[in-house]
Amino acid sequence: MAKQPLSDLAFQRYSRQIMLSEWGEDNQNALANAKVLIVGCGGLGTAAGLYLSGAGVGQLVLADDDSLELSNFSRQVAYRESDLGCNKASALAGQLTALNSESLCRVVKRRLDGMSLSLEVSLADVVLDCSDNMETRQAVNLACAENDTPLVAGAAIGWQGQLMVFDFSRQPSPCYHCLFPIDEEATPRNCQSAGVVGPIVGAIGTFQALEAVKLLMNQSQSPSSFYQLDGKTLSLRSMKVPCDPTCSVCQRVNTEVPNADLA
């Protein structure tokens, strides 16, 4: 099928990024035809969603079963006070549509797990894990590994932020479980229990959007990396993620164990 040229309006909207030598019209078309799944529409998901929509990603699937509370607004800045009590995924879809009507949003107002998670991951070109609990992070990681779908995971607490990139389309690849080989935290630590600085959440979410764009344009320089951001010193440390030979997720994926046996 012949490539469709960008419309005049699209060229004008995205002109500042199209003019980059690494970008161009072909990559802009690639973004327009891409689908990104965002799991969690809190501080990370809202920041990432705004920049992905602004960049021209054609389809965004927004998944969250939570509703907006007053304590969310200090860091989840895509929302407005009029959204109080609304489902986060629905409210975010409204904001992203207002930003860019060409970026289509589909809302999933429930917690993704099991077959529904695997299906959504299989349909996505890139998955952003913007959740706030270990159980979801491990489930998203497993689904991405099984479906060879690139994963960009983020986390933030206190003054610290973490960014993890796993390009499962390139094998062999380490995974989130190689870094954190636990399914549940003995004492869960999240924004509600430990506090967080709002701009740290926004910074990590923006980094997630940046890495997602690079993956969609096949320009990722760091297919399997871990980054630690210190908000107090503005230092960013990075490390390559090694494969853990004892990782149960990698062993399951590499031996192609059927999903039914993983319950």
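Worth saying up front: this structure is predicted, and the values here are computed from it rather than measured.
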Nearest 0.5 Å, what's the CD-CD distance between Gln228 and Gln162? 4.5 Å
dist Gln251:CD -> Asp244:CG (nearest 0.5 Å) comes out at 8.5 Å
Of all pairs that satisfy salt bridge (charged side-chain N to carboxylate O under 4.0 Å, His left out), the ones with a partner from residues 59-74, not counting sequence neighbours: Asp66-Lys88
Just by distance, no angles: are the side chains of Gln17 and Gln28 close enough, under 3.5 Å, to form a donor-acceptor pair? yes
Can you get from Leu216 to Leu20 by hopping between Ile, Leu, Val, Met, Phe, Trp and Tyr side chains that sit under 4.5 Å apart? yes
d(Leu96 CG, Cys105 SG) to nearest 0.5 Å is 4.5 Å
In short, His177 meets Ser248 closest at the heavy-atom pair CE1-OG, 3.3 Å
Check side-chain contact (heavy atoms from CB on, under 4.5 Å) between Leu9 and all other residues, then give those that pass, not counting sequence neighbours. Ser7, Gln12
Nearest heavy-atom contact between Ala55 and Val213 is CB-CG2, 4.4 Å
Show, in sequence, the C-alpha distance, side-chain angles and deciding distance for Asn27 and Tyr14, and conclude whether the side chain to side chain donor-acceptor pair (under 3.5 Å) test is met. CA-CA 11 Å; Asn27 278 323; Tyr14 306 116; over 6 Å; no
Quick check: is Leu229 connected to Tyr227 through a chain of hydrophobic side chains (ILVMFWY, heavy atoms under 4.5 Å apart)? yes
Shortest non-hydrogen separation from Ala48 to Leu128 and the atoms involved: CB-CD2, 3.5 Å
If the test is side-chain contact (heavy atoms from CB on, under 4.5 Å), which one of Val201, Ile200, Val197 qualifies with Arg75? Val201
Side chains of Asp167 and Ser169: any donor to acceptor distance under 3.5 Å? yes
Check whether any side-chain heavy atom of Arg80 lies under 4.5 Å from a side-chain heavy atom of Gln95, and answer yes or no. yes
Less than 4.5 Å apart, side chain to side chain, heavy atoms only: is that true for Asn72 and Tyr79? no
Working to the nearest 0.5 angstrom, can you tell me the gap between Leu68 CG and Ser82 OG? 10.0 Å
Pairs touching residues 108-131 that satisfy salt bridge (charged side-chain N to carboxylate O under 4.0 Å, His left out), sequence neighbours left out: Arg106-Glu120
Examine distances only and state if a side-chain atom of Ser224 and a backbone atom of Val241 form a donor-acceptor pair shorter than 3.5 Å. no
Over all heavy atoms of both residues, which pair between Val108 and Ala89 is shortest? Give the atoms and the distance, please. O-CB, 4.2 Å
Minimum-distance pair of heavy atoms, taken over all atoms of Leu44 and Cys130: CB-CB, 3.7 Å
If you round to the nearest 0.5 Å, how far is CG of Leu31 from CG of Leu52? 9.0 Å
Parallel, tilted or perpendicular: which describes the rings of Phe166 and Phe168, with under 30° parallel and over 60° perpendicular? parallel
What distance separates Leu151 CG from Ser173 OG, expressed to the nearest 0.5 Å? 9.0 Å
Evaluate side chain to side chain contact (heavy atoms under 4.5 Å, CB included) for Tyr176 paired with Met134, printing each intermediate quantity in order. CA-CA 10 Å; Tyr176 184 87; Met134 184 60 70; 3.7 Å; yes
Tightest non-hydrogen contact, residues Ala155 and Arg137, listed as CB-NH2, 3.9 Å
